[in-house]
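For reference, the structure discussed in these notes is given below.
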Amino acid sequence: MRAELRLFLAALQYFTRLPVPNWVGHSQRQLNDAARYFPLVGLVVGAFVSLTYALSSLLWPAPVAATLAVLGGTWLTGAFHEDGLADAIDGLGGSHDRTRRLEIMRDSRIGSFGALAVAGTLILRVTTLQVFPWPAACGLLVAAHVASRFAGVVIMRTLPYVREDDSRAKPLARTLSGRSFAIALTITATMVTVAALVLPALLAGMLFATAVTLWWRRVLLRALGGYTGDGLGAAQQFAEIAIGLGSLALWSS
């Protein structure tokens, strides 16, 4: 149990600003094994964002509450996934050459493609969230943050990492065992099932997110031959938006 707790805290340390005990430590092997708890980190982030939205709804109209909730989640994660999205879109939009794309994605500066992508995703997340009453919105937030991190796990499991010889690359979980994948899938399925009791339309969102994740996997495979950390960040963002849009489509009808 202590070993599993260490892995969860390692994942929490990697993806959020939350402090963890010094005994957690860090290593490449530990980060690889911690990938099984990426969806559980999503549960922590989703709970924080949901609480922010619920409390904000007591004081302000839905558009303001939704904006504060989304910004709160971005603060908690240090804009980790948004940064990955910006770099990935800059790289894929900035060149047709694989090597050049990887170079652009390594550049910390944000380009026009990346800026538009981040702005667009923030707008979609805020406008989608504010349509739902707060109990349904909270269920959506929890499920979206859990399942969207599983999207990255799927890509890790099914594609090779393409920066193996790059010593300057950011620390990243690069391999995923079958056991870790099964644990991540179990956590995701459990949390989504519970959230669907509050928001049945979530099932449509999951179908949409599955399609979007498979599409993004195909894009990464054709453009890069595999995935990078930035590609995983973009996968999370795309899946989160897809869950919201798919749920909203069924909710509205």
Side-chain angles (χ1 to χ4, degrees), residues 11-18 35 38-39 41-50 52-53 56 63-94 101-102 104-130 137 140-156 163 169-173 205 208-209 212-213 215-217 219-220 223-224 227-245:
L12 195 67
Q13 174 181 243
Y14 185 70
F15 280 117
T16 73
R17 297 175 178 270
L18 297 176
F38 287 178
V41 173
L43 175 61
V44 174
V45 177
F48 175 82
V49 177
S50 296
T52 302
Y53 185 77
S56 298
V64 178
T67 301
L68 290 174
V70 171
L71 291 178
T74 303
W75 170 83
L76 184 62
T77 59
F80 188 84
H81 304 291
E82 288 81 0
D83 178 68
L85 171 67
D87 288 342
I89 299 303
D90 274 337
L92 297 184
R101 282 171 169 167
L102 290 172
I104 294 173
M105 291 166 69
R106 189 185 295 116
D107 192 336
S108 60
R109 294 170 297 181
I110 186 171
S112 57
F113 290 115
L116 287 172
V118 172
T121 56
L122 288 173
I123 292 171
L124 282 174
R125 287 154 68 189
V126 170
T127 53
T128 299
L129 181 61
Q130 64 183 276
L140 172 65
L141 285 169
V142 171
H145 279 282
V146 171
S148 62
R149 282 158 178 81
F150 182 70
V153 171
V154 170
I155 290 177
M156 284 178 56
R163 289 194 191 273
K170 300 176 183 178
L172 175 72
F208 193 21
V212 169
T213 299
W215 161 79
W216 181 240
R217 178 192 177 279
V219 169
L220 291 176
L224 303 176
Y227 74 90
T228 65
D230 294 325
L232 296 183
Q236 187 279 327
Q237 291 284 282
F238 287 142
E240 183 180 341
I241 293 169
I243 292 170
L245 291 177

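Every heavy atom of this structure was used, including side-chain atoms; hydrogens, water molecules and symmetry mates were not.
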Item to check | Arg217: partners by side-chain hydrogen bond (donor to acceptor under 3.5 Å, both in side chains), with sequence neighbours left out | outcome: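 Here the qualifying residues are Thr158.
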With a 4.5 Å cut-off on side-chain heavy atoms, are [Y] and [X] touching?
| X | Y | value |
| --- | --- | --- |
| Val70 | Val49 | no |
| Arg101 | Leu92 | yes |
| Leu129 | Tyr53 | yes |
| Arg149 | Val45 | yes |
| Trp215 | Val212 | yes |
| Asp230 | Leu85 | no |

Can you see which heavy atom on [X] is nearest to which on [Y], and at what distance?
| X | Y | result |
| --- | --- | --- |
| Gly152 | Leu232 | O-CD2, 3.5 Å |
| Gln236 | Ser148 | NE2-OG, 2.9 Å |
| Ala88 | Trp216 | CB-CZ2, 4.3 Å |
| Val142 | Ala47 | CG2-N, 4.2 Å |

To the nearest 0.5 Å, what is the distance between [atom1] ([X]) and [atom2] ([Y])?
| X | Y | atom1 | atom2 | answer |
| --- | --- | --- | --- | --- |
| Ile241 | Thr128 | CD1 | OG1 | 8.0 Å |
| Leu71 | Leu76 | CG | CG | 12.5 Å |
| Leu12 | Leu18 | CG | CG | 5.0 Å |

Next on the checklist: Determine whether Phe238 and Thr213 satisfy the following criterion, side-chain contact (heavy atoms from CB on, under 4.5 Å), listing intermediate values before the conclusion.
Outcome noted: CA-CA 7 Å; Phe238 287 142; Thr213 299; over 6 Å; no
Item to check | Check: Phe38 ring centre within less than 6.0 Å of Phe150 ring centre | outcome: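 No; Phe150 has its ring centre 6.0 Å or more from that of Phe38.
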N/O donor-acceptor pairs under 3.5 Å from side chains in residues 111-127, not counting sequence neighbours:
| from | atom 1 | to | atom 2 | distance (Å) |
| --- | --- | --- | --- | --- |
| Thr121 | OG1 | Ala117 | O | 3.2 |
| Thr121 | OG1 | Val118 | O | 2.8 |
| Arg125 | NE | Glu240 | OE2 | 3.3 |
| Arg125 | NH1 | Glu82 | OE2 | 3.0 |
| Arg125 | NH1 | Gln237 | OE1 | 3.1 |
| Arg125 | NH2 | Glu82 | OE2 | 3.4 |
| Thr127 | OG1 | Ile123 | O | 2.8 |
| Thr127 | OG1 | Leu124 | O | 3.3 |

